[in-house]
Each structure stands twice: as structure tokens, then as C-alpha cells.
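Notes follow once the structure below has been shown.
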Amino acid sequence: KREGIGLRTFGCGKNLTFGNNRVEVKKAEKSFFSGLQICGNVWLCPVCAAKVSIERRKELKAVLTHYQDLKHSLGFLTLTVRHYKAEKLKTILSELKELKRKVKRDRRISKLIKLYEINEITTTEVKYSNKSGFHPHFHLVLIGNCSAEILQEYADLYQAVFISLSKGRAEQTGQKYKPVYNKEQISNYVTKWSIAEELLFAVERIEGLIARYPMRGIRGPVGTGQD
């Protein structure tokens, strides 16, 4: 299975689609190549990751704007744990996921979720440095049918339970919460995909990736009139 994924990524934007014997240039409002395979792998392929990221930002902005129009409160929460160079990424991610599941099972958290119809959208960011190794984060968009103050209390409790359950692996300095009050903040968040500009595919990186790989199924570099 892993070999198949790697092979699809290797041929992304290079190999012809099944049953096709030529590459065409389609022209409508935009120009783009047709007839090439696309792997769709957001973790291994920089071009597909960039394209998927762009579409997800559009969807996220639409969802957040919709709930803000309904007078729901919004907030952005970041969760992480301490990490060490020797630790495997899979181990740290599994621990983060398990901590998040345990937090949701906490009685106080469950009660607030039901009472105020609180939902969340979670994205995962992974950083790496030669000094510290892998450093994954969870970025949560909190949406609640309540006041901003109540959502703030929920976020504070969420962080407290998360830290308590981590048994020393998580510290308050690593967790962040930012309330959202207007559509401009939504636009800023979606554009950067992170209040702290930490998510893997920020706009600057997407533009750079698309500019570097214009021949691999991309309709054109951002900002050139071909995008």
C-alpha cells in the first residue's frame, strides 16, 4: 500500500492517465494541462498538498462565516506536547490524539458541548528541526452557540484538562487560544491558516510551491492571472 502511494506521487503531473496517449492544454477562463495523473497526496506531494490546502481554506472560510452570521462565537485553539529528538512522529501524534479523545470524555467538557452546541474543526501541523526533532500541533477551530465569554471559559477548561491528563507532557506555555470577533479575523486566519502563521501550508509557501512546479497539473502560479 505504501509503495503504491509512493509510486503515484512519483508520477504525479508526469504520467498520463489510464487510456490516454497525449497531454492537452485546456483553455477556458484559465489554462491548464489535461490528461496527467494526480496523486492527491497531501503529505508527500508539495503540489497536491498546496492545491488541497487552497480548497480547504475556501471551505473553512465559508463554514466560519456562516456560523458567525448565525451569531455563534468562534475561537482558535492550539494544542501541543513537549517533544524530544529521539521520539518518532507516530508516537507523538498518537499521544496527542489520545489526549484529545480523553479531554472530550471529561464530564465537564461533555456537559458544555451539549449545553452550548460546541463543535470543532481540527487540523494537524508538523514541524521539524535538527535540534528537537518532530513537533506536531493540533489547531482547533471552536464554534459555539454561546457568548464569547462562555467559549473562552470552555477553551480555558479544555486546556486545563488537556494539561492535567498529559502527566507533565503538556505545559500552559505551549497552548494558545484566540477568540474571533469579526469577519476580518476569519479572513486573516484563513489566509494564513493559523493565527501564529504556523500551519504547514501558509499562503507564501503555497505561492512558492506553485511557482516552482508550474508543469505538474497546476493551472498557473498564484497572482499571474493564470491561477
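Start at 1 with the first residue, then count along the sequence.
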Determine which pairs satisfy ring-ring contact (aromatic ring centres under 6.0 Å, His included) with at least one residue from residues 102-128, sequence neighbours left out, and list them in order.
-> Tyr128-Phe134
Which pairs count as ring-ring contact (aromatic ring centres under 6.0 Å, His included) when at least one residue sits in residues 48-71, sequence neighbours excluded?
->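 Only Tyr67-His72 qualify under ring-ring contact (aromatic ring centres under 6.0 Å, His included).
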Non-hydrogen side-chain atoms of [X] and [Y] separated by less than 4.5 Å:
| X | Y | value |
| --- | --- | --- |
| Pro179 | Leu74 | no |
| Lys100 | Tyr158 | yes |
| Phe76 | His139 | no |
| Lys97 | Phe138 | yes |

Determine whether more than 12 heavy atoms belonging to other residues, nucleotides or ligands lie under 6.0 Å from atom CZ of Arg101.
->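 Result for CZ/Arg101: enclosed.
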Rounded to the nearest 0.5 Å, how far does [atom2] of [Y] lie from [atom1] of [X]?
| X | Y | atom1 | atom2 | value |
| --- | --- | --- | --- | --- |
| Leu165 | Arg105 | CG | CZ | 9.0 Å |
| Thr78 | Leu140 | OG1 | CG | 8.0 Å |
| Ile113 | Lys111 | CD1 | NZ | 13.5 Å |
| Lys127 | His83 | NZ | NE2 | 9.5 Å |
| Lys178 | Leu142 | NZ | CG | 14.0 Å |
| Ser132 | Arg82 | OG | CZ | 12.5 Å |

Taking the side chain from Gln159 and the backbone from Ala155, do they hold a donor-acceptor pair closer than 3.5 Å?
->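 Yes, the answer is positive, given that a donor and an acceptor are paired below the 3.5 Å cut-off.
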Distance-only, no hydrogens or angles: does the Ser94 side chain make a donor-acceptor pair with backbone N or O of Lys90 under 3.5 Å?
-> yes
For Thr80, all residues meeting side chain to side chain donor-acceptor pair (under 3.5 Å), sequence neighbours excluded |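 Testing Thr80 for side chain to side chain donor-acceptor pair (under 3.5 Å), a comparison that skips the adjacent residues, returns His135.
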Under the side chain to side chain contact (heavy atoms under 4.5 Å, CB included) rule, collect the residues that match up with Thr173, sequence neighbours excluded.
->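 If we apply the side chain to side chain contact (heavy atoms under 4.5 Å, CB included) test to Thr173, skipping adjacent residues, the hits are Glu171.
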All side chain to side chain contact (heavy atoms under 4.5 Å, CB included) counterparts of Ala170, not counting sequence neighbours | Val81, Phe162, Ile163, Ser166, Gln175
Is any NZ, NE, NH1 or NH2 atom of the basic residue among Glu98 and Lys104 found under 4.0 Å from an Asp or Glu carboxylate oxygen of the other?
-> no
Which pair of non-hydrogen atoms, one from Ile143 and one from Ile121, has the smallest distance, and what is that distance?
-> CD1-CD1, 4.3 Å
Minimum heavy-atom separation for Cys146 to Ser73, with atom names?
-> O-OG, 2.6 Å
Residues pairing under salt bridge (charged side-chain N to carboxylate O under 4.0 Å, His left out) where one sits in residues 143-169, two or more places apart or in two chains, turn out to be Glu87-Arg169, Glu95-Arg169
